[in-house]
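Here the structure is laid out as structure tokens; the discussion comes afterwards.
Keep in mind the model is a prediction, meaning the values are calculated, not measured. When reading the values below, keep in mind they use all heavy atoms of this one structure, side chains included, and skip hydrogens, waters and symmetry mates.
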Amino acid sequence: MEQHRTRPRTRGARRDAPPQPPLPPQAGRDPHRRPPRPGDRAVRAAVRPQAGRPAAPRPGTGRPVPAGRRPAPAAAGAVRSARRMPNPRLTGLGGGLFSGVLMLALGGLDLLLFGGSLTVYGVLFLPVCLLTALWVRASDLLSAPVVVPIAFAVGLLPVADGGHGFGARMMGLVTALATQVGWLYAGTLAAGVVVLGRGVRRAVARRRAASRP
């Protein structure tokens with residue numbers, strides 16, 4: 001029986017096939033430029049910033065900082081100094097003691113340095129009112145406009161003009177209160193405005209918290 005022999009196929013190109021022309025160079029590339037190596041790609045990947053890497057949060061705000069940017073040192077220092085400032089929370093009684101003792105000390109200092117000037121005493125009364133209204137806790141906000149007039153009267157004891165007797169001292173205190181009533185009203189009004197602003201802010205925060213699901 002005769003068997004037909006099959007010719008094995010050649011995997012390479014046929015010898016009689018015409019040579020193909022070289023491919024044209026790509027636009028924007030140098031034909032004499034060597035092909036990239038795997039080591040070059042690794043170096044470029046290490047130098048290039050990672051796109052999927054999350055940005056670091058901005059200090060003090062919680063917002064992410066874009067890659068390649070750093071917060072300004074002045075802004076970071078301001079945030080740190082604001083955090084270091086005292087922020088106590090006084091009760092109603094604590095606010096009264098704070099303002100009364102502070103005004104009594106300021107009255108004695110006014111007597112020693114300025115000879116008991118009522119104008120200087122009235123000017124010093126304003127920041128005490130603001131601090132008392134800012135540092136009292138939220139549940140005792142209404143106590144701040146009440147305790148600051150009492151502190152004003154307590155601080156007038158070393159400053160008010162009077163005799164050596166108790167009656168003369170009380171008469172000098174009443175006279176000082178009558179003549180310096182403008183500073184008393186101004187400080188009480190400043191404390192009331194600060195308390196009102198804090199109360200409104202607290203009410204808005206409560207409403208927003210209640211509206212959230």
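Listed by first then second residue, pairs satisfying salt bridge (charged side-chain N to carboxylate O under 4.0 Å, His left out) with a partner in residues 109-127 number zero, not counting sequence neighbours. Within the structure, the salt bridge (charged side-chain N to carboxylate O under 4.0 Å, His left out) test picks out no pair touching residues 171-195 (sequence neighbours left out). For the side chain to side chain donor-acceptor pair (under 3.5 Å) condition, the pairs that include at least one residue of residues 170-183, sequence neighbours left out, are Gln180-Trp183. Counting only residues at least two apart or in different chains, side chain to side chain donor-acceptor pair (under 3.5 Å) contacts with residues 192-205 are absent.
Of all non-hydrogen atoms in Pro158 and Leu104, the two that sit nearest each other are CD-CD1, 3.9 Å. Between Arg89 and Leu134, the closest heavy-atom pair is NH1-O, 3.3 Å. Across every non-hydrogen atom of Ala153 and Leu173, the tightest pair is O-CD1, 3.6 Å. Scanning all heavy atoms of the two residues, the minimum distance from Ala133 to Ala144 falls at CA-CB, 4.0 Å. What you find for Val136 and Ser143 is that their closest heavy atoms are CG2-OG, 3.9 Å. What you find for Val159 and Gly107 is that their closest heavy atoms are CG2-O, 3.5 Å.
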Assess the residue pair Thr188 and Leu184 against the criterion (side chain to side chain contact (heavy atoms under 4.5 Å, CB included)); give the C-alpha distance rounded to whole Å, side-chain angles, the decisive distance to 0.1 Å, and a yes or no. CA-CA 6 Å; Thr188 307; Leu184 177 61; 4.1 Å; yes
From CA spacing to verdict: side chain to side chain contact (heavy atoms under 4.5 Å, CB included), Val147, Leu97: CA-CA 9 Å; Val147 298; Leu97 291 176; over 6 Å; no
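Tested against Leu102 for a side chain to side chain contact (heavy atoms under 4.5 Å, CB included), the candidates Val128, Thr132, Val154, Leu124 yield a single pass: Val128.
The hydrophobic cluster containing Leu106 also contains Val123, counting ILVMFWY residues as joined when their side-chain heavy atoms lie under 4.5 angstrom apart, directly or transitively.
Of the possible donor and acceptor atoms, one in the side chain of Arg169 sits under 3.5 Å from a partner among the backbone N and O of Ala160.
Partners of Arg137 under the salt bridge (charged side-chain N to carboxylate O under 4.0 Å, His left out) rule, at least two apart in sequence or in another chain, are Asp140. Residues satisfying the side chain to side chain contact (heavy atoms under 4.5 Å, CB included) criterion with Ala151, sequence neighbours excluded, are Ser99, Met103.
Taking the six-membered ring where the residue is Trp, Tyr121 and Phe152 present tilted rings, their angle falling between 30° and 60°.
In this structure, CG in Leu196 is found 10.0 Å from CG in Leu142, a value given to the nearest 0.5 Å.
Heavy-atom neighbours of Leu111 CG from other residues, nucleotides or ligands within 6.0 Å: above the threshold of 12.
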